[in-house]
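Each remark here refers to the structure printed beneath this line.
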Amino acid sequence: MRREVLCVLFAGVIAATAAPSAQAADSDAEGADFTDLSLEELMDVDVVVTASRHEQEVRQAPSSVTIVTAGDIRAYGYRTLGELLDGVRGFYVTYDRNYSYLGVRGFLRPGDYNTRVLLLVNGSRINENIYSAAYLGTAAIIDVDLIDRVEIVRGPSSSLYGTGALFAVVNVITRHGRDLQGAEASAEVASYDTLKGRFTYATRRENGLEVLLSGTLYDSAGPRLFFEEFDSPETNNGSTTDDDDASNQLFGLISYGDFSLQAAYARREKMIPTAPWETLFDAHGTFTVDAQGRLDLTWMHAYPSELEALARLSYGWYNYAGEYPWDASEAGDLSRILVNTDFVWGRWYGGEAQLSKPVSARHRLTVGAEVQNNYRQDQLNFDEVVYLDDQRSSVNWGVYAQDEWMLADALIVNAGVRHDHFETFGGSTNPRLALIYAAGARTTLKFLYGEAFRAPSVYELYYEDYAITQRRNAELGPETITTYEVVLEQVLSKALRLTVAGFRYELDDLINQVEDPDDGLLFFMNIDQAESHGVEFELERAWRSGARATASYSYQETTNSETGARLTNSPRHLAKFKLRAPLAGQRLSTGLEVRYTGTRLTLGGNEADDFVVANLTLVAAHLADGLSLSASIYNVFDTRYGHPGSEEHIQDIIDQDGRSFRLKLVYRF
């Protein structure tokens, strides 16, 4: 199957590269901007902020960068940030019917709530202070309809961002008032009795004041599910409808002059159908609630001397509640059902400051500092007994410096280092070094080295519900990573670009969730050393009509360094093909996305089968003045596939959705 899939994916690209550029399209069509530029020209104007904390060309960034635009989101019908990232080279997403988990280059460990990827919104850290989690599915803090672009920076970035920036930094850059200038409403109806509505208002005044305010409501009943592990009359023959999902999001961005104020809020309630942590199956009472909020005041100023200054004050909060009914009866007694309840409260505030200035025409220095006061990190677990009532606070800070030096017209050296200090374990110092060589106008070579760390979360350190599922390990230390990467970015023609990346990752003191064989309780330990090496290929093709095609293939071998055993939930092969093309000028367009994921080992020692999923979206951009309609079919061929479960699941493999649809209406007025 793998060979056939790869042939299909790359046959599409070969056909695309062989085809002549489409010249017949109306180049003056409404909304055309960069569609009339070649990829070579796009490389000259495409910029990224996240890689070095200041604006620079993508080809000069000290990392391998992917940018996903608002146009991509519309064309491919992405509904969540997780779906967007699942379409990125070398990335894959696992869904356990509660949360979406992001794997990068073969790494996705059980119990990892996306703690090894740093999520930013307009440069502000979003990972909360209890689980250190980044929420990517319907629990995400931002509606994808508000995204202008997403900058994905691969590799370690602790030299700039501190903890959690092991595998990637994902910076979501939102729309501003100038991007809309009016009101916009959208309504969606989809499979599984799913409804979604959004209302956004934005404006830019003549005095420079910009305002964007938006609210989103989402509700889904979810599909009827069957789990063979519960296929008995006592558990409804393995059938359940407990997959309800409801969320709401609020977002505001106000900017005036050098100041901007950003506020975000999200709340999601999700029923859990899988009966994790030995809870009762089909009990209609197992659910989680995640609520989070952010407030960021940012000042940015560019002085005539080219000095760029940034200061930011931030406040964040996170609440979690979970209810888990379980059978607490002893053998021979009548059934005694208890509801085990989790509560967490996270509160923090912090600040950061940064200065960046060209020291000379070939030399730029960036320095900065951050501090975060986690004044509330509380966890509570109880049923008829209180198992955990843990109240904590902590402070962490970091200082960093980065030096960019153009040694010659074709050679850039980028070197940075950051020191962080945590009350839980002490300090961590992490460098990054990049040599960027422009071997001609169309060829760029990047030689990258980096180190990064992840501090253990409060949950990993102190959570326990003795005698039920989990116990604490307050002796956990940070995990670290050392990476080596070579990237070739080659413009093959005016409309064709090739990216090749080879990498090696070495992880030490990897934090893993394991089961104690003596008492069956789960806990976290620094037990593993792991390594990954692999290679990635990506071809991008553009036509002057506005059509674009991208195909990528990733091979990664990720193993336990001590035993040589392949890690669980780590596919060796990933392949992706994406095509977006106009069908009738700029009024009708289509987006096709095909994703192949290779086999993965499960915790039970089995293999989750490889699979292909294809999604198709049709967009009618101008049905009437201000009105657009899109229709999407997900999993077009109704592929049956599953994702590996984690330690808390009885299921070794958790089935995913079959074919589904979405209709979306957007009206701008």
Side-chain angles (χ1 to χ4, degrees), residues 31 67-88 100 119-122 126 135-152 170-191 194-204 210-220 245-254 262-268 292 294 580 589 591 593 615 617-623 626-632 634 660-669:
I67 296 175
V68 181
T69 67
D72 295 321
I73 294 171
R74 289 190 297 270
Y76 301 118
Y78 293 139
R79 296 166 291 185
T80 66
L81 184 56
E83 288 184 348
L84 180 154
L85 293 172
D86 205 13
V88 172
S100 296
L119 177 63
L120 310 174
V121 173
N122 293 325
I126 299 300
Y135 298 96
L136 305 177
T138 55
I141 201 168
I142 195 77
D143 186 336
V144 292
D145 286 343
L146 300 181
I147 294 175
D148 180 65
R149 57 195 263 143
V150 180
E151 298 180 353
I152 298 124
V170 177
N171 189 11
V172 176
I173 299 173
T174 66
R175 298 160 74 182
H176 290 69
R178 70 182 82 100
D179 300 319
L180 186 55
Q181 281 289 67
E184 184 178 84
S186 69
E188 301 178 25
V189 59
S191 298
T194 299
L195 298 172
K196 180 182 176 183
R198 173 182 59 86
F199 183 81
T200 304
Y201 171 77
T203 185
R204 183 180 186 179
E210 291 190 66
V211 177
L212 185 145
L213 302 172
S214 185
T216 301
L217 294 174
Y218 170 87
D219 186 80
S220 177
D245 192 348
S247 66
N248 53 79
Q249 298 159 314
L250 297 172
F251 182 79
L253 180 61
I254 301 173
Q262 173 178 287
Y265 164 83
R267 183 185 186 277
R268 185 194 71 152
Q292 54 184 320
R294 292 281 312 189
R580 47 181 289 198
S589 62
E593 182 180 44
N615 304 320
T617 295
L618 186 68
V619 180
H622 302 287
L623 284 177
L627 184 65
S628 64
L629 174 69
S630 66
S632 300
Y634 304 95
S660 62
F661 76 92
R662 182 188 71 167
L663 293 176
K664 179 178 180 180
L665 192 68
V666 180
Y667 181 61
R668 180 177 293 186
F669 53 93

Item to check | Shortest non-hydrogen separation from Val619 to Ser630 and the atoms involved | outcome: CG2-CB, 4.0 Å
Next on the checklist: With rounding to the nearest 0.5 angstrom, report the CG to OG distance, Leu623 to Ser628.
Outcome noted: 7.5 Å
Checklist entry - In Å, rounded to the nearest 0.5 Å, how long is the span from CD1 of Ile142 to OG1 of Thr216? => result 8.5 Å
Checklist entry - Who are the ring-ring contact (aromatic ring centres under 6.0 Å, His included) partners of Tyr201, not counting sequence neighbours? => result none
Next on the checklist: Looking at Gln292 and Ala139, would you say the former's side chain and the latter's main chain have a donor-acceptor pair under 3.5 Å?
Outcome noted: yes
Item to check | Note, Phe251 side chain near Thr200 side chain (heavy atom, < 4.5 Å) | outcome: no
Next on the checklist: The test is side-chain contact (heavy atoms from CB on, under 4.5 Å); show your working for Arg149 and Val68 and say whether it passes.
Outcome noted: CA-CA 6 Å; Arg149 57 195 263 143; Val68 181; over 6 Å; no
Item to check | Separation between CG of Leu136 and CG of Leu85, rounded to the nearest 0.5 Å | outcome: 6.0 Å
Item to check | Separation of Leu81 CG from Ile141 CD1 (nearest 0.5 Å) | outcome: 12.0 Å
Checklist outcome for this item: Heavy-atom closest pair (Ser632 atom, Gly77 atom, distance to 0.1 Å) is OG-CA, 3.9 Å
Next on the checklist: The criterion is salt bridge (Lys or Arg N to Asp or Glu O under 4.0 Å); which residues satisfy it with Arg580, sequence neighbours excluded?
Outcome noted: Asp72
Next on the checklist: Tell me whether His176 contacts the main-chain N or O of Thr174 through its side chain, where contact means a donor paired with an acceptor under 3.5 Å.
Outcome noted: yes
Item to check | Verdict with supporting geometry, Thr194 and Tyr218, side-chain contact (heavy atoms from CB on, under 4.5 Å) | outcome: CA-CA 8 Å; Thr194 299; Tyr218 170 87; 3.5 Å; yes
Checklist entry - Taking the six-membered ring of Tyr634, is NZ or CZ of Arg79 closer than 6.0 Å to its centre and within 45° of its axis? => result yes
Checklist entry - Would you call the rings of Tyr76 and Tyr78 parallel, tilted or perpendicular, where under 30° means parallel and over 60° means perpendicular? => result tilted
Checklist entry - Which heavy atom in Ala631 sits nearest to a heavy atom in Leu663, and how many Å separate them? => result CB-CD2, 3.5 Å
Checklist outcome for this item: In terms of heavy-atom contacts, Ala266 and Gln249 come closest through CB-CG, 4.0 Å
Checklist outcome for this item: Rounded to the nearest 0.5 angstrom, the CD1-OH distance for Ile126 and Tyr135 is 12.5 Å
Item to check | Shortest non-hydrogen separation from Asn122 to Asn171 and the atoms involved | outcome: N-OD1, 3.5 Å
Checklist entry - With Glu184, which residues qualify under salt bridge (Lys or Arg N to Asp or Glu O under 4.0 Å), at least two apart? => result Arg175, Arg198, Arg668
Checklist outcome for this item: The reported gap from OG in Ser186 to CG in Leu629 (rounded to nearest 0.5 angstrom) is 12.0 Å
Checklist entry - So with a 6.0 Å cut-off around CZ of Arg294, is the heavy-atom count from everything else above 12? => result yes
Checklist entry - What are the two closest non-hydrogen atoms of Val121 and Gln262, and how far apart are they? => result O-NE2, 3.4 Å
Checklist entry - Hey, mind stepping through Val189 and Leu195 against side-chain contact (heavy atoms from CB on, under 4.5 Å) and telling me if it holds? => result CA-CA 5 Å; Val189 59; Leu195 298 172; 4.0 Å; yes
Item to check | Test item: Glu188 side-chain N/O and Lys196 main-chain N/O as donor-acceptor pair under 3.5 Å | outcome: no
